[in-house]
Amino acid sequence: MGKNKLARFTQLATYSHVLQPHKDEVLGGFPMAGKWKSDFFKNNQPLVVELGCGRGEYAVALGQRDPQKNYLGIDIKGARIWEGATHSLQEDMAHVGFLRTRIEWVEHCFAPGEIDEIWITFPDPQIKFQRAKHRMIGPAFLEKYERLLSPGGAIHLKSDSEFLHGYLHGIIEWKGLEVLETYHDIYGQIVDKPDHVVFACKTFYEKMWLKQGKTITYLKFRFLKGGGVK
Ligand SMILES: C[S@@+](CC[C@H](N)C(=O)[O-])C[C@H]1O[C@@H](n2cnc3c(N)ncnc32)[C@H](O)[C@@H]1O
C-alpha cells in the first residue's frame, strides 16, 4: 500500500463522522440500524443515502445545497471516502457522514423505512450477462432499497450509460413503478432549469465521461404505494 493511501486510512479511522464496521458487526445486528438520525446525526432531518459514493462529491454537494437533510455516503473504498469526509469536516458539515461497507449488506445497515431518498451516481453498468447480479439497480438490489425507503421515497440514478438507463426503464415498466423524471441527455434536455439537482455537482467520473464526449442520463423514480418490486 502506498504511503499516501496509508496516511488516508489512518486519518479516516479518527473521523467520528465515518463508520467502518467489520463484516461481523454489520451482519450480526448493526447497532446504528434504525438510529442514524437520533444517534449519528443527532437530529430528526430526512436521511439521504448515496450508494457507491466514491469521493463523496455528490453527498457533500447535496449537503451544501440543502442542509435541512442528512446525507450518508456509502462506499467500500476508504481512500475515496477520505476525500469527501475530509471536505465535509473542513466545511463543518455535521449533516454529512460516511459508511464504509458493501452495498450488498445495505439491508443490515438500516431499519425498514429509515431512508428517505437514495442517490446512485455513475455506477459501473456491469454490461456482461455474468455480471448482471452486481448491477446496483438490478431487481435484487431494488428489493432491498424498497424495504429501506420511507413511503414515497425516491431513487435517483445519474449515469453515463444509456444501457443502464434503458435497463432501469425496463425494470420500472415490468414492475409497475413510477417514473418521476427522466432524461437521456441532461445537458441537452434540461436547458431551462440551471438549478436542477442534477447539476448539483460533476463528480470525478462525470467529468471523465464528459471529456470522452458521453451524454449523461438521469432517472428519478419511486415504488408505488402498496406496490413495488414483486
Ligand atoms: C464508478 S465509481 C463512481 C463513484 C462516484 N459515484 C462518482 O460518480 O464519482 C463506483 C463506486 O462504487 C463503489 N462500489 C462498487 N461496488 C460496490 C459495492 N458492492 N459496495 C460498495 N461500494 C461499491 C466503488 O468503490 C466506486 O467508488
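In listed order, ligands and their atoms are each counted from 1.
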[Y] versus [X], side-chain donor and acceptor atoms under 3.5 Å:
| X | Y | result |
| --- | --- | --- |
| Ser159 | Tyr218 | no |
| Thr101 | Trp105 | no |
| His184 | Thr215 | no |

Which residue owns the protein heavy atom closest to [atom], what's the atom, and how far is it?
| atom | result |
| --- | --- |
| atom 8 (O) of ligand 1 | Thr203 OG1, 2.7 Å |
| atom 3 (C) of ligand 1 | Phe122 O, 3.3 Å |
| atom 2 (S) of ligand 1 | Tyr205 CE1, 3.5 Å |
| atom 19 (N) of ligand 1 | Glu104 OE1, 2.8 Å |
| atom 4 (C) of ligand 1 | Gly52 O, 3.5 Å |
| atom 13 (C) of ligand 1 | Asp75 OD2, 3.2 Å |
| atom 26 (C) of ligand 1 | Arg80 NH1, 3.1 Å |
| atom 22 (N) of ligand 1 | Ile76 N, 3.3 Å |

Is there a donor-acceptor pair closer than 3.5 Å between any side-chain N or O of [X] and the backbone N or O of [Y]?
| X | Y | value |
| --- | --- | --- |
| Asn70 | Gln45 | yes |
| Glu114 | Trp36 | yes |
| Gln189 | Asp185 | yes |

| said: I'd like to know whether Glu206 forms a side-chain contact (heavy atoms from CB on, under 4.5 Å) with Lys158, so could you lay out the CA-CA distance, the side-chain angles of the two residues, the decisive distance to 0.1 Å, and finally the verdict. | reply: CA-CA 9 Å; Glu206 176 168 359; Lys158 192 175 169 190; 2.7 Å; yes
| said: Looking at non-hydrogen atoms alone, which of Lys202, Lys77, Met136 comes nearest to atom 14 (N) of ligand 1? | reply: Met136
| request: Could you check which of Thr101, Ile81, Leu99 puts a non-hydrogen atom nearest to atom 21 (C) of ligand 1? | output: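 The option holding the nearest heavy atom is Thr101.
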Contact (N/O only, under 3.5 Å) between [X] and ligand 1:
| X | result |
| --- | --- |
| Ile103 | yes |
| Glu206 | no |
| Asp124 | no |

| field | Any Cys53 heavy atom less than 4.0 Å from ligand 1 | value |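 In this structure, Cys53 qualifies as a contact of ligand 1 - some heavy atom is under 4.0 Å.
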| query | Does CD belonging to Glu173 count more than 12 external heavy atoms closer than 6.0 Å? | reply |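 No, not enclosed.
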